[in-house]
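Just follow the structure's listing: the first ligand is 1, and inside any ligand the first atom is 1.
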Amino acid sequence: MHFSVTILGSGSALPTSRRNPTSQYIECNGRHVLIDCGEGTQVQIRKNGIKLQRIEHILISHLHGDHYFGLVGLLSSMHLLGRIKSINIYGPEGLKEIVELQLHYGGSRLAYELIFNVLDAKDNGLVFEDDVLAIKHFPLAHKIPTIGYLIQEKPRERNLRTEIAMADGVKIEYFHRLKKGEDVVNEDGNLISFEKYTKAPKNPRSYAFCSDTKYFEPIIPFIKNVSTLYHEATFTEAFMDRAIATMHSTAIQAATIAKKANAKKLLLGHLSARYDGGEEHESEAKTVFEECEVVEDGVKYFI
Ligand SMILES: [Zn+2]
């Protein structure tokens, strides 16, 4: 069972040779999701060996250019490469109009359907759900309406204790119900207990994306106990005044949110172009929350 995030861009407004604008690719048990699509995202997708046409859902956080300027290019390439399968795009109000206007004046007609889903950036709720995952959204606090996302793996089936079940002569036809946590009464009237023949599965994993935002405690209930939290950390403490003025967070603020939300792991990104590495961010954040690291472009992190 696979759940990972590949960082395609970990920079902020100005791209650098080390960090592209924001984009992330999430694989969750056979589902493929793109979060944000800054300029250069499709090049990063190629460089990282990701299959473009597998992407089924694109989640856009907000309409600052470093989070979506790559979107029309990506959608056009999907068309040129022969896509016919529709794609779901979620984001704040205005995104649909912007994309359609760009396509319209370029005389572009896509051979596949764009299914836009406008999310209310002030509200929270379910974005998408199937039998593998659920995607939820919640409000962040930034200069313009901005959406945070939570991707939750669905609870998995219990694990069969195959050897014990076989040794006791439990019929294979009962395995399916036992794995679902149901007791079975066999044809002789004997109870076959799921607790005896199965083990509890691992806890479902989850991933939260919080960029861009100022320090904003109201997000904590939405991301409580998350397995991996990605939180923007545009600045270090020395630039707190810039963080306040631009409604971004410092590394220590991101770490404080991770701690209060009881996250297992924290990934820091959206670093200002004034920084080269992220050593300062990481050491500052670790004074509050030990399990953290600054992400790098082109690296896959397991949830
Ligand atoms: Zn922004």
To the Zn ion (ligand 1), the closest N, O or S atom belonging to D212 is OD2
Identify, by name, the N, O or S atom of H64 lying closest to the Zn ion (ligand 1). ND1
Within 2.8 Å of the Zn ion (ligand 1), is there any N, O or S atom belonging to H248? no
Taking 2.8 Å as the cut-off, does H142 contribute an N, O or S atom near the Zn ion (ligand 1), distance below it? yes
Assess whether atom NZ of K214 is packed by more than 12 heavy atoms of other residues, nucleotides or ligands within 6.0 Å. no
Parallel, tilted or perpendicular: rings of [Y] and [X] (30°, 60°):
X: H248; Y: H142; result: tilted
X: F302; Y: H2; result: perpendicular
X: H67; Y: H62; result: tilted

